[in-house]
Amino acid sequence: MDKKLFNTTKYLRIVIQIVFFIMMPSAFSSAFAAVKEAAVAISQGGELGFTPFAKIFLFLLAFTMICGRFFCGYACAFGSLGNWIYMISQFIQKKVGKKLPSIPSRTARYLQLIKYVVLLAIVILCFAGFSGMVSESSPWTVFSLLINGKLPTEAMIVGAVILLLILVGMAFRQRFFCQFLCPLGAIFSLLPILPTGRMVRKSEGCIKGCNLCERKCPMDLKLGENEWREGECIQCRICSYGCPKSSISLGMIPRGYGDIVWTVIEAAILMAVLKFVI
Amino acid sequence: MRAFVIKAISILIVALMLFMYQTTAHSYAQMNAAVDELKAELTKQMEQAEANNKEPEYKDGTYRGSGTGYSGELTVEVTVKDGKIAAIEIVSSKDDKAYLELASGLLDEIMASGSADEVAAVSGATLSSKGIIEAMKDALEEAAE
Ligand code: SF4
Ligand code: SF4
Ligand code: SF4
């Protein structure tokens, strides 16, 4: 493992995440709003509008199919929040000298299925005419209010409680929400991702007993084990930079500084389109 | 590779279904818009017809009104009976008889519609017509009070 490369990419990622957090803290909820909007429109027999929400959503779908879930790994404010809370929690755990109990990988894999139930439930509720209720009890609504410096109203108490629980969960596990609950993540993980956006692992050269890539993966992925689960990968590249044998890389991009340049380009494309084109 | 192909096919199916839904919904919306337009047109026409049919309520009695004809003042006398115009007579006018006769076609029109608001001047006797219309409005205004 190249320590310098590892650290460079780690800080690069934090910088990109902060920039996106400040510039577009609600891109994820805008994108998902398109799904709710469509469910409501179809339930009323109306036309699907080409609204700004729909544009963001469709663009992210296309982007994700080509580049993988780069949006999740680097740009989504809620995902970043999960990273940061976990970082702080780890720091405190180290200082205090006590460890929080962790969820075993096996259990986590089953819990990951919850997000499809969440997605289905939201779509069904919107279809049945409860879209107002969904928005009100959504933790995302409360989150966007808070980062805009506003307090949630009393009607959003459910959303506020859920948000609090999610924040606690994030302290236990990196990407708690993304792994188990995010309905947008559920859609992303079902997309066919082209080879250009997939992490490839050459396991022939693996050190015996090493499972660092799996242990470090925020989504509990064991690359090359089950193709169906690879939609969970959020392109964070931690496995790639952490592997002592350098045997994991992104698609056709050479691992190392070429990949760093590509990361910056991906971020720039995402920023440019979301901010200035749509 | 297998997962990729299956996912790709599924997403194509979803996209196709949404596309088909959208085309149907679009033509449906267009049809609805056309129907709405027709409905609006019909209501408008019906309202107009109703307004035309509605006879303004006049009080019974005889009323006089005056206007300015071709060569000076023109007076009409209207008789209202049972709330409707029963007779109109040009009482005095300085206009030529020929013009007055030409314009007096208006009187029947006014009797029929019950108001002098929407009758047009008879061409060839425009000024006399205008005088009559003006005088009728004047008289009916009084009758309507
Ligand atoms: S899974 Fe959801 S919350 Fe997590 S980064 Fe992706 S869109 Fe954001
Ligand atoms: S650690 Fe690797 S496999 Fe896991 S999410 Fe990050 S890039 Fe994907
Ligand atoms: S970190 Fe690298 S060497 Fe270790 S198991 Fe993963 S791919 Fe193999």
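Here is how names work: the chains are called A, B, and so on, in the same order as the sequence lines, proteins then strands, and each is numbered from 1. Remember, predicted model here, so these are calculated numbers, not experimental data.
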Partner chain B: residue of A:L194, A:N226, A:I193, A:I42 with the largest heavy-atom pair count (under 4.5 Å): A:I42

Do other residues, nucleotides or ligands put more than 12 heavy atoms under 6.0 Å from the CZ atom of A:F57? yes

Quick one: CG on A:L61 to CD1 on B:I11, what's the gap to the nearest 0.5 Å? 6.0 Å

Step through the shown structure and confirm whether more than 12 heavy atoms of other residues, nucleotides or ligands are within 6.0 Å of CD on B:E101. no

If you draw a 6.0 Å radius around NZ in B:K130, do more than 12 non-hydrogen atoms from other residues or ligands fall strictly inside? no

So, for A:E227 and B:A3, which heavy atoms are closest and what is the spacing to 0.1 Å? OE1-N, 3.4 Å

Between B:A25 and A:G45 the two heavy atoms that sit nearest each other are CB-O, 4.2 Å

What closest approach, in Å, do A:S189 and B:K7 show between heavy atoms, and which atom pair accounts for it? O-NZ, 3.1 Å

Residue part contacting chain B, namely of A:A38, when any heavy atom lies under 4.5 Å: neither

How many angstroms lie between CG in A:L48 and CG in B:L18, if you round to the nearest 0.5 Å? 6.5 Å

For B:F4, is it the side chain, the backbone, both or neither that has a heavy atom under 4.5 Å from a heavy atom of chain A? both

To the nearest 0.5 Å, what is the distance between CD on B:Q30 and CD on A:E47? 7.5 Å

Counting only heavy atoms closer than 4.5 Å, note whether B:I6 contacts chain A via side chain, backbone, both or neither. side chain

Is the CZ atom of A:F63 crowded by more than 12 outside heavy atoms at less than 6.0 Å? yes

